[in-house]
Protein chains: 2
Amino acid sequence: MKTSSQAASSQEISSQEPIAHPSNAKREQILQGAMQVFLEQGYANTSMDRVAAAAGVSKQTIYSHFQDKEGLFTALIQRVTIERIQPELRADVLQGEPEVVLRRLANVYFDQLTSAEYLALIRVVIAESNRFPELAQLYTRTVIQRGRQILSDFFRSHPELEIADPEATAHIFFGSLVSFLISQEILYGKQIMPLAPEQLIDTLVPMVLNRGSHY
Amino acid sequence: MKTSSQAASSQEISSQEPIAHPSNAKREQILQGAMQVFLEQGYANTSMDRVAAAAGVSKQTIYSHFQDKEGLFTALIQRVTIERIQPELRADVLQGEPEVVLRRLANVYFDQLTSAEYLALIRVVIAESNRFPELAQLYTRTVIQRGRQILSDFFRSHPELEIADPEATAHIFFGSLVSFLISQEILYGKQIMPLAPEQLIDTLVPMVLNRGSHY
DNA sequence: GTCTATACCTAGATAGAC
DNA sequence: GTCTATCTAGGTATAGAC
């Protein structure tokens, strides 16, 4: 294990395949196993032996497809981040009455993110943001920035809402949802201080639309 | 390293001193060193050798004061969480006009949490929420729940604000601040999509007070 | 009570058979 | 191209000197 805290800086973020390989089936199989272990256990607590066992291949096969542990982890997080961003936050979801659109957006967001896989991704990206800053930046650009951009564009296209700062308002909207999931699902708030998603949505949407919270 | 993902379940959360000891100076010294390394590197990536070096003591001295690595980490996070909760979120901060109070609260919150130490605590608590669920629960009760309670009490004591759901509103307020810090400071949003704290506060406070976002 | 030295183990990564 | 077997470094934890 390297002592440097920025050990992954040399990993290329754009190189999808560090080693040329004809068979992609094994590669998928490895990534599938790696996903289970890395997202559950985190980077440092995951051993290549466990990844090999979960994927049903030998260690050497992994090292044949990926340069090292860092390369495997980087490829995995890139894949999950890119794949997960496709279904959510398409601009065509934002068509119609603002109130309807925001409620739909919040519900879609909850459905997508409450999955154990997505929660684990958020947790791991935050956890490894020091060691793998380029992965955190990828997540920020691919998920956070894009979501904020789409929503603030929607606000700008509805001047009757009189939203003075679309970016800040979009941040509040998504930030409330994300912090809800972190506190409720990751930090066990669901057991300690439960709050229903409907409560949050029913309060948040009118607030953003400047209609007061008395719904 | 244990293979169980719930290895820390046996750690007692209330036992402040696992081993009776006369000299507390060394114990403080150890915790100071442990804070530097654990908060920076995370649990699994921290070695006891590095803690010993950072604290300026030998490994055996650490094992004389703490049962094992888990015990040291648990004691550290407990200490930081308890100590950090004292200066912030005292109920007497919430005296005066709602607008003034909320702005003061947001500013205090930013000042406290933007410190590298506090950001690192949040990151580690989230990162290790699987392995140390009792520490995540401690953080939730001590920080999140208490903050929400104090603010929702404040909302309830001001019925003229017509806040229908004080708990949900308090979550939105703090959740927007927390997610701001996570995205800006931890996930490098500051470099990618900068957003000034004043922007957020100027949008959030009128929104919560039902005054629209045109300030 | 604190340090030096060490036992024991698991980690990442590689060599060589097939 | 994939497996079994193995090497070496670094990890946690402990024994014994002072």
Side-chain angles (χ1 to χ4, degrees), chain A residues 1-8 10-11 17-34 36-38 40-76 128 131-132, chain B residues 1-5 7-8 10-11 17-34 37-38 40-76 128 131-132:
Chain A
M1 189 167 298
K2 300 202 184 72
T3 54
S4 165
S5 60
Q6 306 285 336
S10 58
Q11 290 290 335
E17 284 152 284
I19 299 176
H21 248 275
S23 81
N24 272 24
K26 283 279 175 181
R27 185 188 165 90
E28 291 300 315
Q29 192 177 338
I30 294 168
L31 285 171
Q32 199 66 28
Q36 295 174 18
V37 187
F38 273 121
E40 166 104 20
Q41 303 286 332
Y43 179 78
N45 198 37
T46 292
S47 72
M48 297 297 267
D49 284 294
R50 280 183 66 90
V51 173
V57 299
S58 74
K59 264 201 296 188
Q60 182 59 17
T61 303
I62 299 178
Y63 281 100
S64 161
H65 285 262
F66 299 92
Q67 193 181 6
D68 54 12
K69 187 181 177 183
E70 287 185 357
L72 173 61
F73 182 71
T74 301
L76 169 70
E128 306 300 337
R131 205 198 310 235
F132 297 94
Chain B
M1 189 167 297
K2 300 203 184 72
T3 54
S4 164
S5 62
S10 60
Q11 290 291 334
E17 284 152 282
I19 298 177
H21 248 277
S23 80
N24 272 26
K26 282 279 174 180
R27 184 188 165 89
E28 291 301 314
Q29 193 177 336
I30 293 168
L31 285 171
Q32 201 65 28
V37 187
F38 273 122
E40 166 103 21
Q41 303 286 332
Y43 179 78
N45 198 37
T46 292
S47 71
M48 296 298 267
D49 283 293
R50 282 183 66 91
V51 173
V57 299
S58 74
K59 265 198 295 186
Q60 181 60 18
T61 302
I62 299 178
Y63 280 100
S64 160
H65 284 263
F66 300 92
Q67 192 181 6
D68 53 13
K69 188 181 177 183
E70 288 185 356
L72 173 61
F73 182 71
T74 300
L76 169 71
E128 306 300 338
R131 204 198 310 235
F132 297 95

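Below, each value reflects all heavy atoms present in this structure, side chains not excepted, and no hydrogens, waters or symmetry copies. Naming: A, B, ... by sequence-line order, numbering from 1 per chain. All values reported here derive from a predicted model rather than from experimental measurement.
Note: CG (N45(A)) to P (dG10(D)) measures 19 Å, nearest angstrom. The distance between atom NZ of K69(B) and atom P of dG10(D), rounded to the nearest whole Å, is 15 Å. In this structure, the CG atom of D49(A) is 15 Å from the P atom of dT14(C), given to the nearest Å. In this structure, M48(B) atom CE and dT12(D) atom C1' are separated by 8 Å, rounded to whole Å. Rounded to whole Å, atom P of dA11(C) lies 13 Å from atom CZ of F38(A). For the pair Q41(B) CD and dG10(D) P, the computed distance is 15 Å after rounding to whole Å. Put simply, CD on Q29(B) is 9 Å from P on dT2(C), counting in whole angstrom units. The distance between atom CZ of F73(A) and atom C1' of dG12(C), rounded to the nearest whole Å, is 16 Å.
Nucleic acid contact for S58(A): base, since at least one base atom lies under 4.0 Å from a heavy atom of the residue.
Checking dT2(D), dT4(C), dA13(D) against every side-chain atom of Q60(B), the shortest atom distance belongs to dT4(C). Looking at the side chain of K59(B), the nearest of the listed nucleotides dG11(D), dA13(C), dA13(D) is dA13(D). Closest to the side chain of H65(B), from the set dC3(D), dG12(C), dT2(C), is dT2(C).
Side chains of L31(A) and L72(A) form a contact here, defined as non-hydrogen atoms less than 4.5 Å apart.
Checking side-chain atoms of D68(B) against main-chain N and O of G71(B) turns up a donor-acceptor pair under 3.5 Å.
To the nearest 0.5 Å, atoms CD (E40(B)) and CZ (R131(A)) are separated by 11.5 Å.
Of all the heavy atoms in A55(A) and I30(A), the pair that sits closest is CB-CA, 3.8 Å.
Where S47(A) and T61(B) each meet DNA chain C at their nearest nucleotide, the meeting point lying more 5' is that of T61(B).
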